[in-house]
Number of protein chains: 2
Amino acid sequence: MKQYPHPTADQINLTCVLHALSDPVRLNFVRCLAEQLCEQRCGAIPTPVAKSTMSHHIRVLRESGLIRVRTEGTQSLTSLRKDEIEAKFPGLLAAVLEAAKEDEAIIALSEK
Amino acid sequence: MKQYPHPTADQINLTCVLHALSDPVRLNFVRCLAEQLCEQRCGAIPTPVAKSTMSHHIRVLRESGLIRVRTEGTQSLTSLRKDEIEAKFPGLLAAVLEAAKEDEAIIALSEK
DNA sequence: GATATAGTTCGATAGTCATAGAACATTCGA
DNA sequence: TCGAATGTTCTATGACTATCGAACTATATC
């Protein structure tokens, strides 16, 4: 049961986080994660891209420090590192998520 | 005296803004602008890149809606569209600027 | 063991991006 | 008018990126 490396809070970098959030597919994924209380299967979140592409995006999000990924059985469970990001960049994630709520282009993605 | 097109508040897009902010050179530029009360000459802000590169970055920032650029004589004056961004994405710019203050990689750029 | 499920990795591709130098445009001073 | 100052545009380049399909890995189920 392979697990993946995650940056520590110290290693989380502002420009990496902003870059990770600047892709519509990734931003939509983060938005969906934020609305859930528990860990989510990657495949449970609707997206218009191939699963190999999604795997790539999840890697970018994980390496930026935004999400935590844990494999269990055949599935890989993701969760938002909300508290850690909030501690490091106060208000940032909340502001982005609030802004994403209004963004039609992002919302449209979750309906595909 | 050529002037440049700017997106209206309606046209400002979240992912474009995040992308514009995700480059260290641009984020540093925005951070410097935010600290000033008045418009700034492009060249007045220290950066480690060539002026043609800076011109490119300023274009990206302008097209994203983050800054306003106005030419006057031989110089081009830039200012942050703080209020408009705040109205569109409440708290976002403030959170990013606050986070950038702590980011050593960004601060280092302004000392070059 | 065979098959299905859930993701990952690999290889390829087309596109974007940051970068710089050279040439150019425009304006201001001497 | 001739330079100097300040940026912009053009072109090129190397790096990175989003995308996909195919092959693969690992686990679960029958």
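Reminder, nothing fancy here: chain letters follow the sequence lines and each chain counts from 1.
Note: CZ (B:R70) to C1' (D:dT6) measures 15 Å, nearest angstrom. Atom CD in B:E72 sits about 15 Å away from atom C1' in D:dA5, given to the nearest Å. Between A:L18 atom CG and C:dC17 atom C1' the separation is 17 Å, expressed in whole Å. We find that CD of B:Q3 is positioned 13 Å from P of C:dT26, with the value rounded to whole Å. Between B:H57 atom NE2 and D:dT8 atom P there is a gap of 13 Å when expressed in whole angstrom units. Rounded to an integer number of Å, the gap from CD of B:E63 to P of C:dC17 is 10 Å.
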Quiz: residues 91-102 of chain A side-chain donor-acceptor pairs under 3.5 angstrom, not counting sequence neighbours:
from, atom 1, to, atom 2, distance (Å)
A:E98, OE1, A:K101, NZ, 3.4

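Consecutive Watson-Crick or G-U pairs involving DNA chain D, each under 3.5 Å on both distances, make up stems of three or more pairs at C:1-30 with D:1-30.
By the side-chain contact (heavy atoms from CB on, under 4.5 Å) test, B:P90 is found to be paired with B:E86, residues two or more places apart in sequence or in another chain being considered. Legend: residues meeting side-chain contact (heavy atoms from CB on, under 4.5 Å) with A:T74, ordered by chain and number and at least two apart, are absent. Listed by chain and number, the residues in a side-chain hydrogen bond (donor to acceptor under 3.5 Å, both in side chains) with B:H56 amount to none (sequence neighbours excluded). For the side-chain contact (heavy atoms from CB on, under 4.5 Å) test, residues two or more places apart in sequence or in another chain that qualify with A:T53 are A:V49, A:A50, A:H57. With sequence neighbours excluded, the residues that form a side-chain contact (heavy atoms from CB on, under 4.5 Å) with B:S79 are B:E39, B:R68. When the side-chain hydrogen bond (donor to acceptor under 3.5 Å, both in side chains) test is applied to B:H19, no partner is found at least two apart in sequence or on another chain.
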Margin query: Counting primed atoms plus P, OP1 and OP2 as sugar-phosphate and everything else as base, spell out the protein contacts along nucleotides 6-16 of chain C at 4.0 Å heavy-atom distance: B, S or - for each nucleotide, 5' to 3'.
Written below: SBBB-------
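In the model, B:T8 has no side-chain atom that pairs as donor or acceptor with a side-chain atom of B:D10 under 3.5 Å.
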